[in-house]
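Accompanying notes for the structure given below.
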Amino acid sequence: MRTILLVVVMLLVVPACMARQVWKTVGPPITAALDVDAQGHVVHAQLLGKNVLPQLQSLTEQVSHSWRFVPATVGGKPAPARTYAMFDVEMHEIDGNQQLRLHYMLHGPGRVFAQSPAYPPEMLRQLVAASVVMAFDVNGDGSVSNVHVVTAKTSGSTRGAAFYKASIEAIEKDRFLPELVDGRPVVTHMRIPINFDIDGYVAGQLRHAPDAPHDKVGSDSVDVTRFADIPVALDSPLHLVSVQP
């Protein structure tokens, strides 16, 4: 799954100064339910949540309209499906005019409740930072199961058991909207990299924790190190194959 930048507000003539503009993320990520037909076309897109801004709903429809998926299948035959796409909203200003675009991050189950893990007090006192990759299944009722540590890094190669406990407890409280195939919920396997940050430490300074498992990701699997603090759906029934600005 690649990170794809989707520009949804376009100018006929792009001034040189525009190329130097910095796009800034505004507000929290937004999530849209996408209904995909048996040919892999998005036929409906609806932002989740209350008090949705009409402008963002319109942009979401524009972006997803040209998307193409490998269709989901039932018994070897293509079937309609529903998935959920997450976007960052980005903005910059030119001559007093604000311009928006959506930055696609992922698609998979829709996360409706996320519990942030508490920083283990003993690790905070010792100024130990960590990055923990967790895996779990999103069930048909939106609950999670089979939560476990895939791999982890810590500063100073410190044992990470306290971080694992905090991460598991948080993820077990998460709730999702499951993906649907032919109107029926399916189980999706996911990974979430969780960072416990301390000022002054960067990912390159972390080392494999001595009590963490070694990730056995194959050469043809998703490289989770390419992702930040976002979920990664590894076995979504829908695979995004093409997008157009």
Side-chain angles (χ1 to χ4, degrees), residues 1 3 25 27-31 48-49 84-88 103 105-179 185 187-218 221-236:
M1 187 164 38
T3 300
T25 300
I30 60 174
T31 300
L48 303 184
Y84 299 86
M86 184 182 294
F87 304 92
D88 271 335
H103 183 151
M105 295 195 295
L106 76 148
H107 70 274
R111 204 173 189 182
V112 294
F113 177 80
Q115 176 70 48
S116 298
Y119 210 116
E122 63 273 30
M123 296 291 98
L124 190 57
R125 286 194 297 269
Q126 298 175 42
L127 299 180
V128 177
S131 178
V132 183
V133 178
M134 304 296 299
F136 57 94
D137 295 325
V138 175
N139 302 312
D141 62 358
S143 65
V144 300
S145 61
N146 192 27
V147 182
H148 60 280
V149 177
V150 176
T151 189
K153 295 179 180 180
T154 56
S155 57
S157 295
T158 306
R159 294 178 66 84
F163 293 113
Y164 313 153
K165 182 175 184 294
S167 298
I168 291 172
E169 289 177 348
I171 290 176
E172 286 180 339
K173 297 177 182 177
D174 285 358
R175 289 297 179 269
F176 292 81
L177 295 171
E179 293 180 289
V187 178
T188 303
H189 182 63
M190 300 188 70
R191 293 189 180 198
I192 294 182
I194 299 177
N195 291 334
F196 295 85
D197 294 320
I198 292 180
D199 290 344
Y201 284 99
V202 295
Q205 296 174 310
L206 304 181
R207 298 292 181 267
H208 185 81
D211 59 343
H214 285 272
D215 189 1
K216 297 181 175 61
V217 175
S221 300
V222 171
D223 180 2
V224 297
T225 61
R226 295 179 184 172
F227 298 88
D229 291 328
I230 58 173
V232 179
L234 298 181
D235 63 356
S236 170

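The residues of the chain are indexed from 1 along the displayed sequence.
With contacts defined as side-chain heavy-atom distances shorter than 4.5 Å, the pair Asp235/Thr188 qualifies. Two residues are said to be in side-chain contact when any heavy atoms from C-beta on lie closer than 4.5 Å; Arg111 and Ile192 meet this criterion. Val149 is listed as a side-chain neighbour of Pro213, based on a closest heavy-atom distance under 4.5 Å. Residues Thr31 and Leu177 have side chains not in contact (no heavy-atom distance under 4.5 Å, counting atoms from C-beta outward). Put simply, the side chain of Ile194 reaches to within 4.5 Å of the side chain of Pro117, judged on heavy atoms.
Residues passing the ring pair (Phe, Tyr, Trp, His ring centres under 6.0 Å) test with Tyr119, sequence neighbours excluded: Phe163, Phe196. The ring pair (Phe, Tyr, Trp, His ring centres under 6.0 Å) test applied to His208 returns His214, not counting sequence neighbours.
Proximity of a side-chain donor or acceptor of Ser157 to a complementary backbone N or O of Arg207 within less than 3.5 Å is not detected. Counting only distance, with no hydrogens or angles, the side chain of His189 and the backbone of Phe136 share a donor-acceptor pair below 3.5 Å. In this structure, Asp211 contributes its side chain and Gly160 its backbone to a donor-acceptor pair below 3.5 Å.
In this structure, Glu169 pairs ionically with Lys165, as a charged nitrogen and a carboxylate oxygen lie closer than 4.0 Å.
The list of salt bridge (charged side-chain N to carboxylate O under 4.0 Å, His left out) pairs with a residue in residues 123-143, not counting sequence neighbours, is empty.
Checked against Met134 for a side chain to side chain contact (heavy atoms under 4.5 Å, CB included), the options Val144, Thr151, Val147 give a single hit: Val147.
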